[in-house]
Amino acid sequence: MMTKKFRLGVLLALLCIAAPAWAAPPATTTIEGVLTSAGGGAAADGTYAVTFSIYASKTATSAAWSEAGVKVVLKNGRFQHRLGSIKALNPKTLAALKTPWFGVKVATDPELARMPLSSALYALVAGQVSCTGCIGGAQLASGAISPAKIGFNYAGSTTKGGPAKDLSCSGCVSVSELKFDGNVN
């Protein structure tokens with residue numbers, strides 16, 4: 001059996017594709033790596049069974065997430081894989097990990113030295129943010145919101161973001177609900 005090791009310097013070169021702010025974050029993230037032999041040269045081309053794992057700490061005994069039996073194709077020692085393509089990455093699980101660590105195991109060899117996760121994969125947590133009232137007017141650029149960008153009817157309008165000119169209301173607002181500032185004509 002040939003002992004193998006990864007060049008961890010490129011293993012976690014996570015590729016991120018910028019998605020529009022209104023789109024859900026992708027549920028996978030791509031990793032690339034190089035598999036070398038014990039002598040330092042590229043491992044033989046072929047298909048290897050690899051297990052990728054995420055742990056709560058560098059020394060955790062069980063993985064919080066694991067994708068086992070992944071068939072990784074090597075060409076000149078290089079490979080790539082989309083984490084989460086076989087076993088879904090759970091953003092809530094990732095959010096619960098304060099300092100997540102990434103582990104790789106090739107075939108029956110012992111797991112390689114773990115590495116701390118970078119923010120690219122950890123950004124999946126952003127898809128779980130529940131925010132009501134956390135952004136106020138001070139955080140918005142002047143003119144950032146216009147009727148064309150509002151996706152709901154307001155003030156009784158029949159068009160999304162439109163003015164209430166089509167509002168049919170008789171007696172729906174009482175004097176007690178009005179605030180006068182001295183500029184009443």
Side-chain angles (χ1 to χ4, degrees), residues 1-132 134-135 139-141 144 149 151:
M1 171 172 48
M2 175 175 62
T3 303
K4 299 167 227 61
K5 66 177 181 171
F6 279 94
R7 292 232 188 256
L8 297 177
V10 293
L11 177 63
L12 291 179
L14 301 178
L15 304 175
C16 299
I17 298 172
W22 60 87
T28 61
T29 190
T30 302
I31 62 166
E32 293 180 337
V34 176
L35 184 62
T36 60
S37 67
D45 288 357
T47 302
Y48 293 81
V50 178
T51 299
F52 299 103
S53 301
I54 298 174
Y55 298 90
S57 70
K58 185 176 183 176
T59 59
T61 57
S62 61
W65 173 89
S66 189
E67 198 166 48
V70 177
K71 301 297 182 200
V72 172
V73 178
L74 252 56
K75 179 78 174 163
N76 297 322
R78 298 181 180 279
F79 76 92
Q80 71 174 5
H81 174 69
R82 283 185 3 240
L83 291 179
S85 63
I86 295 172
K87 182 178 179 192
L89 289 163
N90 185 329
K92 289 182 182 180
T93 300
L94 291 174
L97 304 175
K98 291 184 173 144
T99 54
W101 286 76
F102 186 72
V104 177
K105 183 178 184 315
V106 180
T108 58
D109 288 350
E111 185 177 71
L112 301 166
R114 294 179 188 170
M115 294 183 62
L117 275 182
S118 65
S119 63
L121 179 60
Y122 205 67
L124 287 174
V125 176
Q128 297 299 307
V129 172
S130 175
C131 176
T132 302
C134 57
I135 298 175
Q139 286 81 31
L140 299 175
K149 295 180 181 177

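Taking 4.5 Å as the limit, every side-chain heavy atom of Thr51 sits out of range of all side-chain heavy atoms of Val70. Looking at heavy atoms from C-beta onward, Leu74 lies out of side-chain contact with Thr47 at the 4.5 angstrom threshold. The shortest side-chain heavy-atom distance between Trp101 and Leu117 does not fall under the 4.5 Å cut-off. Side-chain contact check for Leu83 versus Thr28: every heavy-atom pair is 4.5 Å or farther apart. Between Trp65 and Phe52 the shortest side-chain heavy-atom distance falls below 4.5 Å. A heavy-atom distance below 4.5 Å is not found between the side chains of Val34 and Asn76.
The nearest pair of heavy atoms linking Ala63 to Ser66 is CB-CB, 4.2 Å. In terms of heavy-atom proximity, Leu97 sits nearest to Thr93 at CG-O, 3.4 Å. Between Glu111 and Gly103, the closest heavy-atom pair is OE2-CA, 3.7 Å. In terms of heavy atoms, Ile54 sits closest to Pro100 at CG2-CB, 4.0 Å.
Side chain to side chain, His81 and Glu67 meet the donor-acceptor criterion of an N or O pair below 3.5 Å.
Looking at Lys105, its side chain does come within 3.5 Å of a backbone N or O of Asp109 through a donor-acceptor pair. Between the side chain of Ser85 and the main chain of Arg82, a donor-acceptor pair closer than 3.5 Å is present.
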For side-chain contact (heavy atoms from CB on, under 4.5 Å), just list the numbers for Phe102 and Ile31, CA-CA rounded to whole Å, side-chain angles, deciding distance to a tenth of an Å, and then say yes or no. CA-CA 11 Å; Phe102 186 72; Ile31 62 166; 4.0 Å; yes
For a side-chain contact (heavy atoms from CB on, under 4.5 Å) check, start with the C-alpha distance between Leu35 and Val72, then their side-chain angles and the critical distance, and finish with the verdict. CA-CA 10 Å; Leu35 184 62; Val72 172; over 6 Å; no
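Geometrically, Arg114 engages Tyr55 in a cation-pi contact, judged by NZ or CZ lying under 6.0 Å from the ring centre and within 45° of the ring axis.
Note: Gln80 CD to Lys75 NZ = 14.5 Å, rounded to the nearest 0.5 Å.
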